[in-house]
Amino acid sequence: MENADYLILIENGDVEEELTENDYRALNCTVEYMNQDQTVKVILAGCNRFRGLVVDEMELQDLMKNYLQEQGIDSNRIITETISNNLRQNIIYSYAYILVDWYGEDSRRSEDPTIGVIAEPVSIFRYRMLLDNMGSFSGKIGIVSFQEPILVWPARIIEEMGLLVEYHLINQFAYVK
């Protein structure tokens, strides 16, 4: 995806005390994209699946924000989202933050912002499926992919299959109007 006004970088793995190699790959992809266009902003979104981890998640987002700043990204271009519990909420809440920032009080914009979600190649199908199932979000949000070493693909594909099954099961039991 090219020419996004906003990027959403979702940390949905296990909360650790430090950034993982995959976090750095996603962050470096974000930096590269943001360096090409100095107006792009990023939303750092986290999945606080277990409320006891909220503080840890915020610390991880601080590490990510610090890394982006160390790479020359201005703090005014970084927004953090800490209230979501799952990937779907990450998209919805990040979109709300984006709309507030995009339209603001003084904005006279008539067009909607373009948004890219940073994702590793093996997760693109799950992200696209989620976006398509969210209806109005499907045409407004694209995918920006970063590369992972091919050696990690077998483990990541198995993990991704588990996440797809989990997503399907959650949707089976969710209330739908």
Side-chain angles (χ1 to χ4, degrees), residues 1-102 104 113-124 126-128 130-131 140-153 155-157 159-160 163:
M1 174 177 194
E2 295 182 14
N3 302 322
D5 299 303
Y6 292 87
L7 298 173
I8 301 173
L9 178 54
I10 300 172
E11 170 46 53
N12 58 6
D14 295 329
V15 176
E16 300 180 18
E17 292 182 15
E18 32 184 77
L19 299 173
T20 65
E21 288 183 36
N22 209 42
D23 291 329
Y24 283 113
R25 283 191 282 276
L27 286 164
N28 289 334
C29 175
T30 304
V31 168
E32 184 178 324
Y33 198 102
M34 293 179 80
N35 282 338
Q36 292 174 9
D37 182 348
Q38 298 297 314
T39 63
V40 175
K41 293 184 179 182
V42 65
I43 309 288
L44 299 178
C47 289
N48 298 318
R49 209 172 271 210
F50 306 104
R51 281 294 168 197
L53 299 177
V54 172
V55 173
D56 293 334
E57 187 71 34
M58 291 169 63
E59 290 173 4
L60 182 62
Q61 286 179 333
D62 284 343
L63 288 174
M64 295 173 92
K65 184 175 182 176
N66 290 340
Y67 181 80
L68 291 172
Q69 290 173 322
E70 289 169 6
Q71 303 306 309
I73 304 299
D74 189 296
S75 64
N76 293 330
R77 297 173 63 198
I78 304 169
I79 303 167
T80 56
E81 180 278 309
T82 59
I83 57 177
S84 61
N85 291 317
N86 56 47
L87 184 57
R88 183 183 187 89
Q89 288 180 358
N90 281 133
I91 303 291
I92 292 169
Y93 296 153
S94 294
Y95 191 71
Y97 278 99
I98 288 169
L99 290 180
V100 168
D101 186 70
W102 181 255
T114 55
I115 303 164
V117 176
I118 304 289
E120 56 274 352
V122 296
S123 297
I124 289 175
R126 179 170 51 102
Y127 279 53
R128 179 52 44 208
L130 174 71
L131 291 169
K140 297 178 181 177
I141 301 177
I143 306 290
V144 177
S145 178
F146 65 90
Q147 295 301 313
E148 288 183 300
I150 199 157
L151 295 174
V152 302
W153 280 29
R156 290 281 299 120
I157 289 170
E159 176 186 354
E160 197 63 28
L163 292 169

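Note that the numbering runs from 1 along the sequence shown for the chain.
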- Message: For Gln69, I'd like to know if atom CD has over 12 heavy atoms of other residues, nucleotides or ligands within 6.0 Å.
- Response: yes
- Query: Should Val144 and Val117 count as side-chain neighbours, where that means a heavy-atom distance under 4.5 Å?
  - Reply: no
- Query: Looking only at atom types and distance, does a side-chain atom of Asp101 sit under 3.5 Å from a main-chain N or O of Tyr97, one as donor and one as acceptor?
  - Reply: no
- Glu81 side-chain N/O to Ile91 backbone N/O, donor-acceptor pair under 3.5 Å: no
- Query: Have Asn22 and Thr20 got a donor and an acceptor in their side chains that come within less than 3.5 Å?
  - Reply: no
- Donor-acceptor contact present, side-chain Asp5 to main-chain Pro113, <3.5 Å: no
- Item | Interatomic distance, Tyr6 atom OH to Thr39 atom OG1 [nearest 0.5 angstrom] | 9.0 Å
- Task: Return the minimal non-hydrogen interatomic distance between Ala119 and Ile143, and the atom names on each side.
- Result: CB-CG2, 4.0 Å
- Query: What's the shortest heavy-atom distance between Thr80 and Gln61, and which atoms?
  - Reply: CB-OE1, 4.1 Å
- What distance do Glu120 atom CD and Cys29 atom SG have between them, rounded to the nearest 0.5 Å? 10.5 Å
- Close side-chain approach of Asn28 and Phe146, heavy atoms under 4.5 Å: no
- Message: For a quick test of reading the model, state the closest non-hydrogen atom pair linking Ala45 to Asn90 and the distance between them.
- Response: CB-ND2, 3.4 Å
- In Å, rounded to the nearest 0.5 Å, how long is the span from CG of Leu7 to OG1 of Thr30? 6.0 Å
- Mind checking the NZ-CG spacing from Lys65 to Leu44? Nearest 0.5 Å is all I need. 8.0 Å
- Could you tell me whether Tyr24 and Tyr67 have their ring centroids closer than 6.0 angstrom? yes
- Please walk me through it: do Ile10 and Ile118 pass side chain to side chain contact (heavy atoms under 4.5 Å, CB included)? CA-CA 7 Å; Ile10 300 172; Ile118 304 289; over 6 Å; no
- Output yes when a side-chain donor or acceptor of Arg77 lies under 3.5 Å from a complementary backbone atom of Val42, and no otherwise. no
- Query: Rounded to the nearest 0.5 Å, how far apart are CE of Met34 and CG of Asp74?
  - Reply: 9.0 Å
- State whether the number of non-hydrogen atoms from other residues, nucleotides or ligands found under 6.0 Å of Glu21 atom CD is greater than 12. no
- Message: Would Asp37 and Asn3 count as a side chain to side chain contact (heavy atoms under 4.5 Å, CB included) here? Give the steps.
- Response: CA-CA 8 Å; Asp37 182 348; Asn3 302 322; 5.7 Å; no
- Task: Compare all side-chain heavy atoms of Ile43 with those of Ile78 and state whether any distance is below 4.5 angstrom.
- Result: no
- Rounded distance [0.5 Å steps], CG in Leu27 versus CG in Leu63: 10.0 Å
- Item | Ala4 versus Thr114, closest heavy-atom pair with distance | CA-OG1, 3.2 Å
